[in-house]
Protein chains: 2
Amino acid sequence: MVFMTPSATGPATAARPDPAAPPDGAPAAGRVLDHPDTADIRLEEVLHALADPMRLTVVRELAAARCEVACSEVPLPVSKSTTTHHFRVLREAGVICQVYRGTSKMNALRRADLDALFPGLLDRVLAAADAQESRLAGT
Amino acid sequence: MVFMTPSATGPATAARPDPAAPPDGAPAAGRVLDHPDTADIRLEEVLHALADPMRLTVVRELAAARCEVACSEVPLPVSKSTTTHHFRVLREAGVICQVYRGTSKMNALRRADLDALFPGLLDRVLAAADAQESRLAGT
DNA sequence: CACCTCCTACGATAAGCGTCGTAGTACGGC
DNA sequence: GCCGTACTACGACGCTTATCGTAGGAGGTG
């Protein structure tokens with residue numbers, strides 16, 4: 001059941017056609033992380049993943065930064081282990097794609113996969129989050 | 001901290017301009033339920049409410065039936081008390097509006113409020129749920 | 001090689017959630 | 001007034017979750 005980065009149903013946000021990437025070829029050899037196959041992504045799990053404030057923050061950061069982001073670049077008001085935990089939940093729900101790059105673990109949204117399964121959903125959630133933030137800020 | 005059915009920021013899906021409603025005037029006198037004010041609805045709570053399979057089912061049923069629906073008309077594979085619990089979670093998250101009507105408690109989506117706060121979100125979630133159902137059915 | 005950084009795994013804890021059954025209240029009909 | 005229907009409140013149970021700290025591995029740098 002599922003082995004590595006999506007190659008089956010879609011290269012996800014992967015294929016890393018972005019700069020910032022190393023010479024390539026060796027995205028970190030060994031260490032490969034389990035990602036759900038695109039077809040195995042479940043709406044309830046995605047919603048659950050997005051329902052947590054910490055994780056929603058992460059997703060918004062990832063959406064804002066158009067390229068891959070290291071775990072440590074998304075500051076959360078919780079411990080390192082808890083942060084790791086949240087990233088894992090997001091990955092296992094199929095929301096993000098994680099890949100080792102040197103000592104860092106890079107994260108990216110699986111926009112393509114999510115949009116294919118649930119058209120427009122992610123955008124609406126992000127827009128809703130922005131809207132709510134503005135609304136609450138203007139108090 | 002909020003008192004009754006929305007009248008403050010918007011009559012929600014209420015105002016019951018639908019048939020099926022009794023002569024009106026006495027929608028059940030006493031028993032009034034607490035609903036969050038529109039401005040108090042939080043995205044995280046809405047997502048959390050929608051993330052549960054049971055509750056998502058309820059919301060889909062409510063969206064399908066364009067009018068108010070009694071709790072007992074949405075059959076769930078769980079006990080009565082659990083059903084009550086789920087309806088309460090939905091109400092407290094601001095997703096549905098509940099009103100006593102005789103011995104029944106009628107439920108309706110707070111579409112207007114949700115669309116005002118999070119434009120298009122509910123529709124996308126419903127569409128995503130439909131899409132996933134078809135996708136999984138066609139296995 | 002030593003060392004530092006980044007991230008992980010593990011165990012612990014406390015809180016939350018979904019589920020149930022039972023007992024009970026409000027309302028309408030007889 | 002009595003009874004049935006519809007829903008609720010409460011307490012219990014077990015599972016999941018969010019959080020932490022500590023210990024440790026993988027990989028770059030010197």
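In what follows, every chain begins at residue 1, and chains take the letters A, B, ... in the order their sequences are listed. Everything numeric in this text was worked out from a predicted model, so none of it was measured. Below, each value reflects all heavy atoms present in this structure, side chains not excepted, and no hydrogens, waters or symmetry copies.
Comparing D:dG27, C:dC7, D:dA18 against the side chain of A:His48 picks out D:dA18 as the nearest. Distances from the side chain of A:Tyr100 to the nucleotides D:dA9, C:dG21, C:dC7 place C:dC7 closest. Here D:dT19 is the nucleotide among C:dC20, D:dT19, C:dC7 with the atom lying nearest to any side-chain atom of A:Val78.
Note on B:Ser104: only backbone sugar-phosphate atoms sit closer than 4.0 angstrom, heavy atoms only; bases stay farther off.
Going from atom CZ of A:Phe87 over to atom C1' of C:dC6 covers 12 Å, rounded to whole Å. Distance CG (B:Leu50) to P (C:dG18): 12 Å, rounded to an integer number of Å. Atom pair B:Leu76:CG and C:dC20:C1' shows a separation of 15 Å (rounding to whole Å applied). Distance B:Glu73 CD to D:dT5 C1': 14 Å, rounded to the nearest Å. Per the geometry, CD belonging to B:Glu92 stands 12 Å off P belonging to C:dG18, to the nearest Å. Taking atom CD on A:Glu44 and atom P on D:dT17, their separation rounds to 14 Å, with Å as the unit. A:Asp52 places its CG atom 17 Å from the P atom of C:dA15, with the value rounded to the nearest Å.
Scanning atom types as modelled, one donor and one acceptor separated by under 3.5 angstrom connect the side chain of A:Ser81 and the base of D:dG21. Side chain B:Thr82 to base C:dG18: no donor-acceptor pair is found below 3.5 Å.
Using a 4.0 Å cut-off, some side-chain N or O of A:His86 falls inside it from OP1 or OP2 of D:dT19. Contact annotation: A:Ser72 reaches the phosphate of C:dC7 (side-chain N/O to OP1 or OP2, under 4.0 Å). Proximity of B:Arg55 to the phosphate of C:dG18: a side-chain N or O atom is located under 4.0 Å from OP1 or OP2.
Atom CZ of B:Arg66 sits in a sparse spot, with 12 or fewer heavy atoms from other residues, nucleotides or ligands closer than 6.0 Å. No more than 12 heavy atoms of other residues, nucleotides or ligands lie within 6.0 Å of CZ in A:Arg88, so this atom counts as exposed by the packing criterion.
Residue-to-nucleotide proximity on DNA chain D shows that, of A:Lys80 and A:Thr103, the 5′-proximal contact is made by A:Lys80.
In this structure a side-chain-to-backbone donor-acceptor pair under 3.5 Å is missing from A:Arg110 to A:Cys97.
Connection of A:Val125 to A:Val74 is established within a shared hydrophobic cluster, with ILVMFWY side chains joined at heavy-atom distances below 4.5 Å, either directly or through further cluster members. Taking hydrophobic clusters as Ile, Leu, Val, Met, Phe, Trp and Tyr residues chained together by side-chain heavy-atom distances below 4.5 Å, A:Leu43 shares a cluster with A:Leu56.
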